[in-house]
Amino acid sequence: RHTRCSRDWSSDVCSSDLASKRFSITAQHRVIEIASNDGCMLRAFARHGTQILGIEPAANVAQAAIAQGVPTRIAFFGSRLAGQMRDEGISADLLIANNVLAHVPDLNDFVRGLSTLLGPAGVLSIEFPSLLRLIDENQYDTIYHEHFSYFSMLTAENILARHGLAIFDVEDLATHGGSMRIYAQHVATGRLPLSAQLAAVRQREAAAKLDRSEEHTSELQSRLHLVC
């Protein structure tokens with residue numbers, strides 16, 4: 001995984017003014033990042049007084065974060081860890097999982113953990129490479145052996161819905177040849193309105209047959225044949 005102090009996050013989220021305006025993040029709130037690496041993103045939030053916590057399974061990287069003042073749990077994330085943290089009174093007002101979903105072998109357990117750890121009015125932010133861009137632009141050289149899955153927004157929407165979460169906004173990003181950042185909240189307790197961009201991306205992916213697995217699989221196989 002790459003260090004994720006990207007320009008997008010620095011300008012769109014790490015700014016205290018924009019974070020406060022959009023997500024009402026203050027010093028009374030907690031930002032948790034899963035697969036937090038060396039803590040660079042969390043340090044940006046900490047500079048504005050926000051409570052931070054990282055979760056990182058690589059001990060050497062986590063220790064580097066801790067040495068720089070970023071509290072970090074050295075563990076793989078899943079429903080068990082999320083339950084333990086909730087039992088300790090820990091929940092997230094902003095829960096970040098960037099470029100980690102594709103690495104997860106058990107999606108249901110991971111997303112169940114996200115739902116558990118996210119506070120009632122919290123915001124979940126997930127970033128992943130865009131399956132539509134990968135297919136449309138023949139970006140098969142961007143496929144990593146360590147990735148278990150690649151996602152469209154429609155697929156992400158389905159897996160989140162199984163665990164009581166709903167996407168309310170989506171952004172297109174330039175990273176990894178084209179990525180998506182989705183924002184989600186609890187279906188029952190979320191309070192943020194749906195963006196117009198959400199419907200636009202649904203339509204775009206449906207037009208590309210990403211909502212029909214059989215047709216999409218046939219299309220993908222034909223493209224792979226041409227590439228190979």
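Everything numeric here is computed off the predicted structure, so don't read it as measured data.
- Annotation: side chain of L118 is in contact with side chain of L165 (closest heavy-atom distance under 4.5 Å).
- Contact of the Q63 side chain with the I74 side chain is registered, since non-hydrogen atoms from C-beta on lie closer than 4.5 Å.
- Ring geometry for F77 against F110 counts as perpendicular: the plane angle is over 60°, on a 0 to 90° scale with 30° as the lower cut.
- The line from CD1 of I159 to CG of L114 is 10.0 Å long, rounded to the nearest 0.5 Å.
- Within the 4.5 Å cutoff, the side chain of N108 has heavy atoms near those of the R162 side chain.
- Contacts classified as salt bridge (Lys or Arg N to Asp or Glu O under 4.0 Å) and involving residues 104-122 (residues at least two apart or in different chains) are given here: D109-R112.
- Each of V104 and V61 belongs to its own hydrophobic cluster when Ile, Leu, Val, Met, Phe, Trp and Tyr are linked at side-chain heavy-atom distances under 4.5 angstrom.
- When all heavy atoms of R191 and A121 are compared, the pair lying nearest together is NE-CB, 3.7 Å.
- Considering all non-hydrogen atoms of both residues, N98 and S125 come closest at OD1-O, 4.2 Å.
- Under the salt bridge (Lys or Arg N to Asp or Glu O under 4.0 Å) criterion, the residue pairs touching residues 68-89 are R73-E88, with sequence neighbours excluded.
- Smallest separation of non-hydrogen atoms from P71 and I52: CG-O, 3.2 Å.
- Rounded to the nearest 0.5 Å, atoms CG (L160) and CD (Q185) are 11.5 Å apart.
- Judged by distance alone, with hydrogens and angles left aside, the side-chain atoms of E171 form no donor-acceptor pair with the main-chain N or O of R181 at under 3.5 Å.
- A single hydrophobic cluster is not seen to contain both I66 and I34; linkage of ILVMFWY side chains at heavy-atom distances under 4.5 Å, directly or through other members, places them apart.
- Around atom CZ of F76, no more than 12 heavy atoms belonging to other residues, nucleotides or ligands sit under 6.0 Å away.
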Check against side-chain hydrogen bond (donor to acceptor under 3.5 Å, both in side chains), S195 and Q197: CA-CA 5 Å; S195 76; Q197 179 69 1; over 6 Å; no
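- Although no hydrogens or angles enter the test, the distance criterion places a donor-acceptor pair under 3.5 Å between the side chain of S115 and the main chain of H163.
- Using a 4.5 Å heavy-atom threshold, the side chains of Q68 and R43 count as touching.
- Between D93 and T50, every side-chain heavy-atom pair lies at or beyond the 4.5 Å cut-off.
- Residue D38 holds its CG atom at 9.0 Å from CD of E56, rounded to the nearest 0.5 Å.
- Across every non-hydrogen atom of A82 and G113, the tightest pair is CB-O, 3.3 Å.
- Inter-residue side-chain proximity for L154 and R202 is flagged as met; some heavy-atom pair is nearer than 4.5 Å.
- Counting heavy atoms from C-beta on, the side chains of F168 and L124 never come closer than 4.5 Å.
- Heavy atoms only, all atoms of each residue included: S36 and G54 are closest at OG-CA, 3.4 Å.
- For H29 (side chain) and Q51 (main-chain N/O), no donor-acceptor pair under 3.5 Å exists by modelled atom type.
- Residue pairs meeting the salt bridge (Lys or Arg N to Asp or Glu O under 4.0 Å) criterion with at least one member in residues 61-72, sequence neighbours excluded, do not occur.
- Going from atom OG of S24 over to atom CG of L192 covers 8.0 Å, rounded to the nearest 0.5 Å.
- In terms of hydrophobic clustering, with Ile, Leu, Val, Met, Phe, Trp and Tyr side chains grouped at heavy-atom distances under 4.5 Å, Y183 and L194 are assigned to a common cluster.
- Remark: side-chain polar atoms of R30 are paired, donor with acceptor, to backbone N or O of S91 under 3.5 angstrom.
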CA sep, side-chain torsions, deciding dist, call: V123, L95, side chain to side chain contact (heavy atoms under 4.5 Å, CB included): CA-CA 6 Å; V123 171; L95 182 57; over 6 Å; no
Worked check of side chain to side chain contact (heavy atoms under 4.5 Å, CB included) between I90 and I32: CA-CA 10 Å; I90 298 171; I32 299 177; 3.9 Å; yes
Steps toward side chain to side chain contact (heavy atoms under 4.5 Å, CB included) verdict (M85, L53): CA-CA 11 Å; M85 294 174 71; L53 177 62; 3.5 Å; yes
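- Going from atom CD of E157 over to atom CD1 of I167 covers 4.5 Å, rounded to the nearest 0.5 Å.
- I182 is not listed as a side-chain neighbour of D169, based on a closest heavy-atom distance of 4.5 Å or more.
- Distance check: L117 CG to S79 OG gives 11.5 Å after rounding to the nearest 0.5 Å.
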